[in-house]
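Chain letters run A, B, ... following the sequence lines, proteins first, then strands; residues in each count from 1.
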Amino acid sequence: AQRVTQPEKLLSVFKGAPVELKCNYSYSGSPELFWYVQYSRQRLQLLLRHISRESIKGFTADLNKGETSFHLKKPFAQEEDSAMYYCALGSGGSNYKLTFGKGTLLTVNP
Amino acid sequence: DGGITQSPKYLFRKEGQNVTLSCEQNLNHDAMYWYRQDPGQGLRLIYYSQIVNDFQKGDIAEGYSVSREKKESFPLTVTSAQKNPTAFYLCATGTGGSGYGYTFGSGTRLTVV
């Protein structure tokens, strides 16, 4: 069975401070990991995919297979980063589906 | 509207009634998914479909039913057997392959009165 754990329900930082949202996963196969973000009154949208190794809005995430982690990081948080963040794990095979963590609500204070 | 339309945005249901939530897409994606979003619970998979006329149960399928008669549509029926139906329901589509993630609709909030 696949599982995604986001240990922090709430995370509060000040503007300009570094931020790290933790994500750990459990999966027997080769993992595909994503970060999704939901801003207030907006639909859930894809932020990052581990396979693309990209930086979006200053956020990065590195897959660490040894620690089974995919933490989301940003060196200098902005107020507009305040949102709900979900880590998701994709299963392989013909019945592809995403399993989501419970989410972390990030608040960036001025 | 992002290629996925969920309707209605708000829905009220009396206890004992069945209701159907609509999800339509024009992205030409093969796969469609229904998730339920509750505070503190994240997103939980209800049903999903990789191709027309085929669908699979997710983690919390009890009390729900779906159909996939055409590629563009994947309606979800919340039956009277669902014990706690009040929630926010999200529809998503995907290419059916790995690595590309999903596109989500704007959701339907169902309230049982």
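Residues of residues 35-46 of chain B having a heavy atom under 4.5 Å from any heavy atom of chain A, listed by number: B:Tyr35, B:Gln37, B:Gly40, B:Gln41, B:Gly42, B:Leu43, B:Leu45. Scanning residues 8-18 of chain A against chain B with a 4.5 Å non-hydrogen threshold yields no residues.
Counting non-hydrogen atoms of other residues, nucleotides and ligands closer than 6.0 Å to NZ of B:Lys71 gives a total above 12. For B:Glu62, the CD atom is loosely surrounded, since the number of other residues' heavy atoms within 6.0 Å does not exceed 12. Within a 6.0 Å sphere centred on CD of A:Gln42, heavy atoms belonging to other residues, nucleotides or ligands number more than 12. Heavy-atom neighbours of B:Glu69 CD from other residues, nucleotides or ligands within 6.0 Å: at or below the threshold of 12.
Residues A:Leu63 and A:Val4 share a single hydrophobic cluster, defined by chaining ILVMFWY side chains whose heavy atoms lie under 4.5 Å apart. In terms of hydrophobic clustering, with Ile, Leu, Val, Met, Phe, Trp and Tyr side chains grouped at heavy-atom distances under 4.5 Å, B:Tyr89 and A:Tyr86 are assigned to different clusters. Linking Ile, Leu, Val, Met, Phe, Trp and Tyr whenever their side-chain heavy atoms come within less than 4.5 Å leaves B:Leu76 and B:Ile4 in two separate clusters. Cluster annotation: A:Phe76 is not connected to A:Ile56 through the hydrophobic network of ILVMFWY side chains, with a link wherever side-chain heavy atoms come within less than 4.5 Å. Cluster annotation: B:Val66 is not connected to B:Tyr33 through the hydrophobic network of ILVMFWY side chains, with a link wherever side-chain heavy atoms come within less than 4.5 Å.
In this structure, CZ on A:Phe100 lies 9.0 Å from CG on B:Leu90, to the nearest 0.5 angstrom. Atoms CZ and OG, from A:Arg41 and B:Ser106 in turn, are 13.5 Å apart once rounded to the nearest 0.5 Å.
Between B:Tyr102 and A:Leu98 the shortest side-chain heavy-atom distance falls below 4.5 Å.
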| message | Run A:Tyr36 and B:Phe104 through ring pair (Phe, Tyr, Trp, His ring centres under 6.0 Å) and show every step you take. | response | CA-CA 10 Å; A:Tyr36 282 80; B:Phe104 279 88; 5.7 Å; yes
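Contacts of B:Tyr48 with chain A are made by side-chain atoms alone, with heavy-atom separations under 4.5 Å and no backbone atom involved.
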